[in-house]
Undergrad: 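This is the structure, below, for whatever I ask next.
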Amino acid sequence: MDINTAIAEMHRAVTLEALQSLKVHYLGKNGLLTQEMKALGKLSPEERKERGRVLNEIKQALENAVRGREKELEAQALQSQLERESIDVSLPGYAFPAGGTHLTSQMQAELLSTFRRMGYSVVEGPEVESEFFNFDAINMPDWHPARDMQDTFWLKDSGDFDVMGPEGERVNNLGGLLMRTHTSPMQIRYMIEHTPPFKIVVPGRVFRYEQTDASHEAMFYQLEGLVVGPDIAMSDLKGAILELARSLYGAQAKARFQPTYFPFVEPGAQFALWWPEREKWLELGGSGMVHPNLFKAADDYRQKMGLPRVYDGMTGFAFGMGIERLALLRYGIPDIRYFYQQNRLSFLRQFKN
Ligand code: PHE
């Protein structure tokens, strides 16, 4: 047995198992060194003493070599285990897909908060509407040419559902059922149920039976406004729209009104907001002073329900605007169909808030 070879072998062992078998080979019960130890008995006392001392030193040296290598291998094993199990905190984490607020909802929220600040209440109305509230009661009787301006989705009156009148009362003679073509029927619904003065805005979906293209959708959102009181004037309307412009586009914003016709207002005006940053006018919607026929219709209806007439001597203004339109103009979106068709996430994600 050569001690140097033995020690070199131990240093070369690359696993703890290999080292263990070398240990058995040299130091085990039948190991080479152990055999030499056993052979000591055959020697004379003097030889035995000397040989015994040498063998003990060899044993010490081998045991030291085993222990030293053992420590090295254990350290290596620990090191590689740490490497294997370590967490690289610089790796990107898992993306947890989370929803976002749809662009239309963002715009709507912005508009509503502006009007809430001005003291308006927010109310909503039914999407399935009666011919009466969508048209007749707001000064568009069935012979009225303006009815054709808004192509209508008519519903088959299956008798399965009714459009309730204000205060949930079932009303006959409300005409056919339709998908509301604008949020204006809420003007009359609200007036029937409430006593002036009041200021409301009404966000909601509206429906038009028409060919869709880049600027027309069969469904879109409007925001309706209605303010009624003892002496509401056109200047109040202008003030409200100007305030909207400033809240959207800052102190430099302006509002512009141009005469136009809507049956439910007189005079009527389309309005545009001046966007100073881009130096352009944004045509947003229609507005005007509430037509006296609406006050009359509201009071007549109230009277039928046994409620007092409350609109004598009242005046008011109303406006209506497209919510998507505001986003289209603000972000330069080329096609209104991107909003809802195909639920196009690549489009919507650009506006994730
Ligand atoms: N209802 C009209 C439309 O849908 C907008 C409007 C509302 C105009 C109120 C005047 C007053 O186009």
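Just so you know, ligand 1 is whichever comes first in the structure, and atom 1 is the first atom listed for that ligand. Only a predicted model underlies this, so the values are computations on that prediction, with no experimental measurement involved.
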Undergrad: Just which atoms of ligand 1 are under 4.0 Å from any heavy atom in R208?
TA: 4 (O)
Undergrad: I'd like to know whether ligand 1 has G288 as a neighbour, heavy-atom separation below 4.0 Å.
TA: no
Undergrad: Which of parallel (below 30°), tilted (30 to 60°) and perpendicular (above 60°) describes F198 and Y311?
TA: perpendicular
Undergrad: Provide the number and element of each atom of ligand 1 under 4.0 Å from a heavy atom of S184.
TA: 1 (N), 7 (C)
Undergrad: Can you list the ligand 1 atoms lying under 4.0 Å from a non-hydrogen atom of H182?
TA: 1 (N), 4 (O)
Undergrad: Is the centre of the F153 ring less than 6.0 Å from the centre of the Y209 ring?
TA: yes
Undergrad: Ligand 1 versus R180, non-hydrogen atoms closer than 4.0 Å: side chain, backbone, both, neither?
TA: neither
Undergrad: Number the atoms of ligand 1 from 1 as they appear, then name those within less than 4.0 Å of a heavy atom of Q187, with their elements.
TA: 9 (C)
Undergrad: Do F295 and F264 have ring centroids that are under 6.0 Å from one another?
TA: no
Undergrad: With heavy atoms under 4.0 Å as the rule, classify the contact between Q222 and ligand 1 as side chain, backbone, both or neither.
TA: side chain
Undergrad: Let's go through Q76 and E72 carefully: what are the C-alpha distance in whole Å and the side-chain angles of both, what is the deciding distance for side-chain hydrogen bond (donor to acceptor under 3.5 Å, both in side chains) to 0.1 Å, and is it a yes or a no?
TA: CA-CA 6 Å; Q76 272 174 25; E72 280 172 21; 5.4 Å; no
Undergrad: Is the shortest distance from a heavy atom of S287 to ligand 1 less than 4.0 Å?
TA: yes
Undergrad: Assert yes or no for the condition that the ring centre distance of Y331 to Y338 is strictly below 6.0 Å.
TA: no
Undergrad: One thing to verify: whether D300 and K296 come together as a salt bridge, which I'm taking to mean a side-chain N less than 4.0 angstrom from a carboxylate O.
TA: yes
Undergrad: Are H182 and F220 an aromatic pair, judged by ring center distance below 6.0 Å?
TA: no
Undergrad: Only heavy atoms of F319, strictly under 4.0 Å: list the atoms of ligand 1 that pass.
TA: 7 (C), 9 (C), 11 (C)
Undergrad: Below a 4.0 angstrom heavy-atom separation, can you tell me which part of F264, side chain or backbone, both or neither, approaches ligand 1?
TA: side chain
